[in-house]
Protein chains: 2
Amino acid sequence: MKKTVESAPAGVKEIARRANVSIGTVDRVLNNRTGVAAKTRERVLEIIKELDYQPNLMARRLASRRTWKFAVLIPSTSSETGYWNAPLAGIRQAAAEIRDFGAQVEVFLFDQNDKQTFTANANSILKQQFDGVLFAPMFEEESLKLIKKCNTKQIPYVFINSDIEGQERLSYIGPDLYQSGHLAAHLVNYLLQDQQEVLIVNISKEMDLHHHLLKKEEGFRAYFRNNKRPVKLNKTDIRQTDYHSVKTKLSKLLRENNIDVIFVTNSRVHTVARFLEESGDVNIRLIGYDFLAENIAFLEKSVIDFLICQKPQEQGHKGVMALYNYLVQGLPVEDAQHMPIDIVTRENYRNYRN
Amino acid sequence: MKKTVESAPAGVKEIARRANVSIGTVDRVLNNRTGVAAKTRERVLEIIKELDYQPNLMARRLASRRTWKFAVLIPSTSSETGYWNAPLAGIRQAAAEIRDFGAQVEVFLFDQNDKQTFTANANSILKQQFDGVLFAPMFEEESLKLIKKCNTKQIPYVFINSDIEGQERLSYIGPDLYQSGHLAAHLVNYLLQDQQEVLIVNISKEMDLHHHLLKKEEGFRAYFRNNKRPVKLNKTDIRQTDYHSVKTKLSKLLRENNIDVIFVTNSRVHTVARFLEESGDVNIRLIGYDFLAENIAFLEKSVIDFLICQKPQEQGHKGVMALYNYLVQGLPVEDAQHMPIDIVTRENYRNYRN
DNA sequence: GAAAATTTCGTGTACGTACACAAAAATAAT
DNA sequence: ATTATTTTTGTGTACGTACACGAAATTTTC
């Protein structure tokens, strides 16, 4: 019971021979161009299916002079957080991979603290002729404007990192915020003994980004609502993100409450870690987000117990590839691609790939 | 300060034009074939460098009739465990990706319980002309024979899933067993209250595979040796892998000892889970290995607390790509590629990708 | 039923590189 | 200096697909 040795895969020529037509006709069927008799088309299609014809991408690319241009619009790396370095790296990697296939990627960066820069870049993108857009719809109102224009211009667009519901986006690639909060709660639940208390910490300047954090908090709280044992959840919002402000607020809180586990809803967990280390509160368990050098340092020292990460680099990569697969390859693209929710600890961070 | 708009990248034709030679000569220089006057070669090389010529991989591949054949030798999926389905899927995926680039992959399967099938397949591989081999060196003695023959035949080979030290393999792709045991211990340490006891369970028929499990156990034990608080570690080996045998052995053990956490060193953790569920020992925490349907079912029901996974599918994919990158692309390949050590729980398994 | 219009199909060239073969130039042998 | 030999260089075809153009077959029009 051996499969026949597969010879060189069949191409248009072989199809043409079997269907008794010329390769021109086969080509018309393959690229469903007009000008083929229905009967002939059917016959050719049958043989194509029968042979399980796979076009040779090399030859296809070589013969076609067509090129594509994709625009990417994401936040620049602020001095405050290096998070967006990772998606950008993934975007660059994808760009390199698809360059030979005629797709070019141009990156535009906006300032997270300045909506104006978002709009300016968006307009710049619209002026040029791009075949697809990948962007982070952080500012809802401004994003909706861009979306609308893309719709009328028939330019497909992909969201990265956050989603806006009810839009005709090609795909959303990003974290599953609610679920990641849920997971955090699950871990906290293991860390927690009976009667112990939890503190939820939101550290964020921008009101807009709050939405992001709230979804995680929601998932976190939902877990404990369904929990068997009752757990007291305290919470604080810290709007001044510098260390001194965080320290002041936290020391007051820890003095007045009996906190055993702290959950920080974003990557600024290292600020809290620094505080705990300096104040010597070594018995407090700490859990937060993102594989950043500052965080890893505290993970290594066991000040942070768990980091939850959602492969930011892969997000960038997948974002670009979604456009490429859809436009260039003509493949179907998943409506939403939620990233895996990784748990990073002192014992596995060395093997982690962002 | 704008870079000049990049026109279509220069090819052999442009080089030939500038050097005042034919494309044939340029071709000879590029592939450093013989038969070019030293002076001419120099002139051409200079222009190549000047233009920063990048060969068009598509065209190169299309024109070159050269093909590669890779052999893969891994265990077949036994009725006992579906583990190897995952690496095989990754191998198949990689094969599809590189097919157009002239690389073909042929898969050979051996029976984990029959060394003879390994040797027979290995010989079959050696008889044919393969350009590279990817295999799981499970049986040391038999593997060494294959390795030796590959060495004399100058065929590069890659190990998957387990490593044999001191060999001139092109690369090793697989789990970091020791470290994954370490991670398991780290998690167990969170689950454990003072004075509580742990049970390590090895369930395995084959003596040979034991080596695998022992490395994990070693990492596990090492963690607790360095631990602040003393933890009592019990251990049992179960050689009969059917449910009844496991049940008998475990019930006796749990009756006589006071076990709070069980660590199963391989994917058979679902057998233990089934036992705990049936016996109603719901307070015992359970941790084991691998993203298999049987295990996920118990993870969902919270009978299993954690599963540790090492991306078996990606292992297969990377194994094939290592051969491809090295032989076809001429790229350097990492000596060892340890997989990430993923923690899968009830709250994140839906997002997990093997 | 012939000419015109339209549909359907086949042929040729191009993409950038590899490689075989032939032509030309340079060198060696007589 | 002429022929033979070797080295160096140029030309042509092929890879599998895309696409323009023109030929053939079919349908429409009068």
Side-chain angles (χ1 to χ4, degrees), chain A residues 6-45 47-48 51-68 99-103 327-330, chain B residues 6-48 51-68 98-104 328-330:
Chain A
E6 31 194 317
S7 51
V12 280
K13 255 195 284 192
E14 175 65 10
I15 298 173
R17 199 183 60 75
R18 296 209 195 190
N20 239 332
V21 294
S22 73
I23 62 165
T25 301
V26 175
D27 178 63
R28 274 179 279 264
V29 173
L30 280 171
N31 301 40
N32 52 293
R33 280 190 260 275
T34 60
V36 183
K39 209 178 48 179
T40 312
R41 156 162 279 136
E42 206 174 331
R43 184 152 40 98
V44 174
L45 276 175
I47 294 178
I48 288 174
L51 289 177
D52 187 29
Y53 166 76
Q54 302 286 114
N56 183 319
L57 296 179
M58 320 277 119
R60 169 169 287 184
R61 173 61 207 148
L62 192 60
S64 167
R65 309 294 306 129
R66 164 121 220 233
T67 60
W68 287 265
R99 204 204 40 186
D100 274 349
F101 292 88
L327 288 169
V328 183
Q329 305 267 33
Chain B
E6 32 193 317
S7 50
V12 280
K13 253 193 288 192
E14 175 65 11
I15 298 172
R17 199 183 60 75
R18 296 209 194 190
N20 238 334
V21 294
S22 73
I23 62 167
T25 301
V26 174
D27 178 64
R28 274 180 279 264
V29 173
L30 280 171
N31 302 40
N32 52 295
R33 282 189 258 275
T34 59
V36 183
K39 207 178 48 176
T40 312
R41 155 162 278 133
E42 206 174 332
R43 184 154 39 97
V44 173
L45 276 174
E46 202 167 314
I47 294 177
I48 288 174
L51 288 176
D52 186 30
Y53 166 76
Q54 301 288 113
N56 183 320
L57 295 180
M58 317 276 129
R60 170 169 286 185
R61 172 60 209 149
L62 192 60
S64 167
R65 310 292 304 125
R66 164 119 220 233
T67 60
W68 286 265
I98 64 180
R99 204 205 41 173
D100 274 349
F101 294 87
Q104 225 180 305
V328 183
Q329 305 267 33

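Every chain is numbered from 1, with letters handed out A, B, ... down the list of sequences. Computed from a predicted structure; not experimentally measured.
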Those residues of residues 35-43 of chain B lying under 4.0 Å from DNA chain D by at least one heavy atom: B:Gly35, B:Val36, B:Ala37, B:Thr40

Residues which pass side chain to side chain donor-acceptor pair (under 3.5 Å) with B:Asp100, listed by chain and number, not counting sequence neighbours: none

Closest heavy-atom pair and its distance - A:Arg41, A:Asn32: NH2-CA, 3.8 Å

Closest non-hydrogen atom pair between A:Val36 and A:Arg28, with its separation: CG2-CB, 3.6 Å

Pair A:Val44-A:Val21, side chain to side chain contact (heavy atoms under 4.5 Å, CB included): steps then yes or no: CA-CA 9 Å; A:Val44 174; A:Val21 294; 4.2 Å; yes

Shortest non-hydrogen separation from B:Pro55 to B:Arg60 and the atoms involved: CB-NH2, 3.5 Å

More than 12 heavy atoms from other groups under 6.0 Å of CD on A:Gln329: yes

Note, B:Val12 side chain near B:Tyr53 side chain (heavy atom, < 4.5 Å): yes

Interface with DNA chain D, restricted to residues 14-29 of chain A and to heavy atoms under 4.0 Å: A:Asp27

Interface limits on DNA chain D, where chain B has a heavy atom under 4.0 Å of a nucleotide atom: D:dT8 to D:dG16

Any B:Arg65 side-chain N or O less than 4.0 Å from OP1/OP2 of C:dC19: no

Closest non-hydrogen atom pair, B:Ser22 against B:Ala16: C-CB, 3.8 Å

B:Arg17/B:Glu14 under salt bridge (Lys or Arg N to Asp or Glu O under 4.0 Å): CA gap, chis, key distance, verdict: CA-CA 5 Å; B:Arg17 199 183 60 75; B:Glu14 175 65 11; 3.0 Å; yes

side-chain contact (heavy atoms from CB on, under 4.5 Å) involving A:Gln54 - partner list, sequence neighbours excluded: A:Asp52, B:Arg99

Five-pair end axes of the helix from C:dG1-D:dC30 to C:dT30-D:dA1, angle between them (10°): 50°

Closest contact, heavy atoms only, A:Leu62 versus B:Leu62: CD2-CD2, 3.5 Å

Main-chain N/O of B:Arg33 paired to B:Asn31 side chain as donor or acceptor, under 3.5 Å: no

Whole-Å distance separating the CG atom of B:Asn31 from the P atom of C:dA20: 12 Å

Closest non-hydrogen atom pair between A:Leu51 and A:Ala10, with its separation: CD1-CB, 3.9 Å

